[in-house]
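Only one structure is covered here, and it is reproduced in the block below.
Position 1 is the first residue of the sequence; numbering continues from there. It should be emphasised that the depicted structure is a prediction, and the values quoted were computed from it without experimental measurement. Basis for what follows: all heavy atoms, side chains included, without hydrogens, waters or symmetry-related copies.
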Amino acid sequence: MWARVAASIAGFALLLLGATSPANAQAAKHAYPRPASLEAFRMASPAEEVALARSAAPTAISADAEILVLGPTGYEPAAKGRNGFVCLVQRAWASGFNDREFWNPRNRSPICLNPAAAQSVLPPYLELTRWVIAGVPTDQLLARTKAAWAKGIGAPKTGAMSYMMSKGGYLNDANTHWHPHVMFYFLRTNAAALGANLKGSPVMGGGDDLDPVSVFFVLVPKWSDGASAMDMN
């Protein structure tokens, strides 16, 4: 979802189900209408993925966080944590069912979730990843996700937030690593309730009709390594 929001301010594409199907017409709008092989989505080594995951947040946070890496059937623990945070590199299917880059194999979105988000927002993404790797058809991905939402699965806990402050990320083809930012998760919330998306407001984001979770984010002036990000457009 957050990758989609970033792209609109600076992506789940449907698989082709047949030449005359409605899904085919929708897939035509997407840059990557078909999934690549699993290997295209994986990184060169677990060590490289661990380093990129940790770069999502300042070292004071990520050094003691649990780290997950993408394996052959889903995300696997690569390092134990001590502070309740979980860092990982999300792939393009985190971006939302309407995102045109849902199957973009270049996507690498480092993120560190605080304990509240790791316990509530993260599990549905991990389950979705297992379904994607297992080859579950896109219409079933959507149906399963909607069923989970109907049960309240994925509802953010109070205080759920995350960090995306990595210089090494690749959020989408238009904006690559974009700006460093922090994100806050709510059940579907009107942007006006936070003063978001208004002229001069530092708060951006919201939600969409498919997803019951609204994500609001605030740009920060530095990358996770302390380097200034103020020279970005």
Original post:
Is Val89 isolated, or which residues cluster with it under the ILVMFWY side-chain rule of less than 4.5 Å, directly or via members?
Top reply: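 Listed partners: Met43, Leu52.
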
Using side-chain heavy atoms (C-beta onward) and a distance below 4.5 Å, is [X] in contact with [Y]?
X      : Y      : result
Ile133 : Leu70  : yes
Asn83  : Glu66  : no
Ser109 : Tyr170 : no
Val213 : Pro156 : yes
Val182 : Met161 : yes

Original post:
Under the criterion side chain to side chain donor-acceptor pair (under 3.5 Å), which of Arg108, Arg100, Glu101 is the partner of Asn104?
Top reply: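 In the set Arg108, Arg100, Glu101, the residue that makes a side chain to side chain donor-acceptor pair (under 3.5 Å) with Asn104 is Glu101.
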
Is there a donor-acceptor pair closer than 3.5 Å between any side-chain N or O of [X] and the backbone N or O of [Y]?
X      : Y      : value
Ser120 : Lys157 : yes
Asn107 : Leu171 : yes
Asn114 : Phe85  : no
Ser201 : Asn197 : no
Ser62  : Ser55  : no

Is there a path of hydrophobic side-chain contacts, each under 4.5 Å between heavy atoms, that joins [X] and [Y]?
X      : Y      : result
Phe184 : Val220 : yes
Met204 : Leu194 : no
Leu88  : Met183 : yes
Ile111 : Val69  : no
Trp103 : Val136 : yes

**OP:** Among Pro110, Pro180, Cys112, find the residue that satisfies the side chain to side chain contact (heavy atoms under 4.5 Å, CB included) test when tested with Met165.
**Re:**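 By the side chain to side chain contact (heavy atoms under 4.5 Å, CB included) criterion, Met165 pairs with just one of Pro110, Pro180, Cys112: Pro180.
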
Which heavy atom of [X] sits nearest to which heavy atom of [Y], and what is that distance?
X      : Y      : value
Pro77  : Leu68  : CA-CD2, 3.7 Å
Pro72  : Leu38  : O-CD2, 3.6 Å
Lys167 : Ala227 : NZ-CB, 3.9 Å
Ser214 : Thr189 : OG-N, 2.9 Å

State the [atom1]-[atom2] distance between [X] and [Y], to the nearest 0.5 angstrom.
X      : Y      : atom1 : atom2 : answer
Lys146 : Leu141 : NZ    : CG    : 12.5 Å
Phe217 : Tyr185 : CZ    : OH    : 11.0 Å
Gln90  : Leu113 : CD    : CG    : 6.5 Å
Ser224 : Met164 : OG    : CE    : 11.5 Å

**OP:** Taking ring-ring contact (aromatic ring centres under 6.0 Å, His included) as the test, write out the residues that go with Phe41, two or more places apart.
**Re:**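 Per chain and number, Phe41 pairs via ring-ring contact (aromatic ring centres under 6.0 Å, His included) with Trp93.
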
Subject >> Short N-O contact, Arg54 and Glu48, less than 4.0 angstrom >> reply: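 No, this pair does not count.
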
**OP:** Compute whether any side-chain donor of one residue and acceptor of the other, for Tyr32 and Asp173, lie under 3.5 angstrom apart.
**Re:**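 Per modelled atom types, Tyr32 and Asp173 side chains form a pair under 3.5 Å.
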
**OP:** Can you tell me which residue pairs pass the side chain to side chain donor-acceptor pair (under 3.5 Å) test with a partner in residues 71-81, sequence neighbours excluded?
**Re:**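 Listed once each, the pairs are Tyr75-Tyr125.
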
Subject >> Aromatic ring proximity, centroids under 6.0 angstrom, Phe186 and Phe216 >> reply: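 Ring centres of Phe186 and Phe216 closer than 6.0 Å.
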
